[in-house]
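Below is one structure; the comments refer to it alone.
Here is the naming used below: chain letters follow the sequence lines, and residue numbers restart at 1 for every chain.
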Protein chains: 2
Amino acid sequence: MKELPIIQPNEHIDFASYVQQFKALADEKRLIIMNILTRNGKTCVCDLEVEVNLPQSKLSYHLKILYKAGFIHKETKGTWSYYWINEDVVNSILSEDLCCLFRPN
Amino acid sequence: MKELPIIQPNEHIDFASYVQQFKALADEKRLIIMNILTRNGKTCVCDLEVEVNLPQSKLSYHLKILYKAGFIHKETKGTWSYYWINEDVVNSILSEDLCCLFRPN
DNA sequence: TTCATTCATCAAAAAAATTTGATTTAAAAA
DNA sequence: TTTTTAAATCAAATTTTTTTGATGAATGAA
């Protein structure tokens, strides 16, 4: 026989994954990255480095945050890494009004 | 005769207001507030205090961040303050998939 | 007027996120 | 093999955000 979960008076839904996603977008450098990937499609880190004008370790740091939040895909080929927008995830969070800025459609 | 703006090689669009908006959503307490206002409509601070279970100064701090980002309206009547969702702003940022969680429709 | 209530604000402390520069890893080229 | 290149990771320093508890402002009631 299953126990019913005990609901405390002020317990709330768990928004942890939404927090992680909004945090990922809450930084100008990461929005610039999202914008470039939205406009350019799949791009390798070395090209991004030039476009966003960020030192490599900083760019890596920010890409990881976007990746962990699910907003971008990643593929490695040899020594190159390519990143591109995960449209499903982006569309599930962002308004279509943001089309072409941070989401491709 | 007007000067054309000088565009630097790696200048980017200014995303400052988007950053402010995503920052406002990038906190669990503030998402809980958004969720309550989405479900309950216009609510006074004293009632919110009970619902979100936050000390008054903390709640004030978080409401101000949501307010400055444009996500909520505010009205003061006597000593009471009421807050409610600014649907236009919320809808311009958040996907309709988030209906009923952080946007009312 | 005095008192109580609601809410905003403040400054200091604490916690979390970002930057920085160096190092490491892995793959490809010489 | 050795060297080079691309990218990830790391620890320390810095910056930003949040928390905390106290104080202040404004309103209305006694």
Expressed in angstrom and rounded to an integer, what is the separation of [X] atom [atom1] from [N] atom [atom2]?
X: B:Glu75; N: D:dA26; atom1: CD; atom2: P; result: 19 Å
X: B:Leu54; N: D:dT19; atom1: CG; atom2: P; result: 8 Å
X: B:Lys77; N: D:dG28; atom1: NZ; atom2: P; result: 12 Å
X: A:Phe22; N: C:dA16; atom1: CZ; atom2: P; result: 21 Å
X: A:Gln20; N: C:dA17; atom1: CD; atom2: P; result: 11 Å
X: A:Lys29; N: D:dT15; atom1: NZ; atom2: C1'; result: 11 Å
X: B:Asn53; N: D:dT19; atom1: CG; atom2: C1'; result: 15 Å
X: A:Leu59; N: D:dA8; atom1: CG; atom2: P; result: 8 Å

*Establish whether the base of D:dG28 is bridged to the side chain of B:Thr79 by a donor-acceptor pair shorter than 3.5 Å.*
no
*asked:* On the side chain of A:Gln56, is there an atom forming a donor-acceptor pair with the base of D:dA6 - under 3.5 Å, no angle test?
replied: no
Of all the nucleotides listed ([options]), which has the minimum atom distance to the side chain of [X]?
X: B:Ser57; options: D:dT17, C:dC7, D:dA22; result: D:dA22
X: B:Arg30; options: C:dT9, D:dT9, D:dT18; result: D:dT18
X: A:Asp27; options: C:dT18, C:dA8, C:dT19; result: C:dT18
X: A:Lys23; options: D:dA7, C:dA8, C:dA17; result: C:dA17
X: A:His62; options: C:dA8, C:dT19, C:dC7; result: C:dT19
X: A:Tyr61; options: C:dT20, C:dT18, D:dT9; result: C:dT18

*Using heavy atoms to find the nearest nucleotide of DNA chain C for B:Ser60 and A:Ala26 separately, return the residue whose nucleotide is more 5′.*
B:Ser60
Touch check for [X], heavy atoms < 4.0 angstrom, all strands: base, sugar-phosphate only, or nothing?
X: B:Tyr83; value: sugar-phosphate
X: A:Leu48; value: nothing
X: B:Ile65; value: sugar-phosphate
X: A:Tyr82; value: nothing

Can you tell me if the side-chain N/O atoms of [X] get under 4.0 Å from OP1 or OP2 in [N]?
X: A:Lys74; N: D:dA8; answer: yes
X: A:Lys64; N: D:dT9; answer: yes
X: B:Lys58; N: D:dG21; answer: no

*Name the orientation class of the two ring planes belonging to A:Phe22 and B:Phe22 (parallel below 30°, tilted from 30 to 60°, perpendicular beyond 60°).*
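Answer is parallel, since the angle falls under 30°.
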*Where do A:Gly41 and A:Trp84 come nearest, in terms of heavy atoms and distance?*
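That would be C-CB, 4.4 Å.
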_Polar side-chain atom of A:Asn86 near backbone of A:His73 as donor-acceptor pair, under 3.5 Å_ =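 No: the side chain of A:Asn86 does not pair with the backbone of A:His73.
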*Verify, without hydrogens or angle tests, whether B:Arg30 (side chain) and B:Ile65 (backbone) share a donor-acceptor contact under 3.5 angstrom.*
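No, because the side chain of B:Arg30 does not come within donor-acceptor range (under 3.5 Å) of the backbone of B:Ile65.
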*asked:* Taking the side chain as everything from C-beta on, heavy atoms only, tell me whether A:Arg103 gets closer than 4.5 Å to A:Ile93.
replied: no
*Could you tell me whether B:Trp80 atom CH2 has more than 12 heavy atoms of other residues or ligands within 6.0 Å of it?*
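Open: at most 12 neighbouring heavy atoms sit under 6.0 Å from CH2 of B:Trp80.
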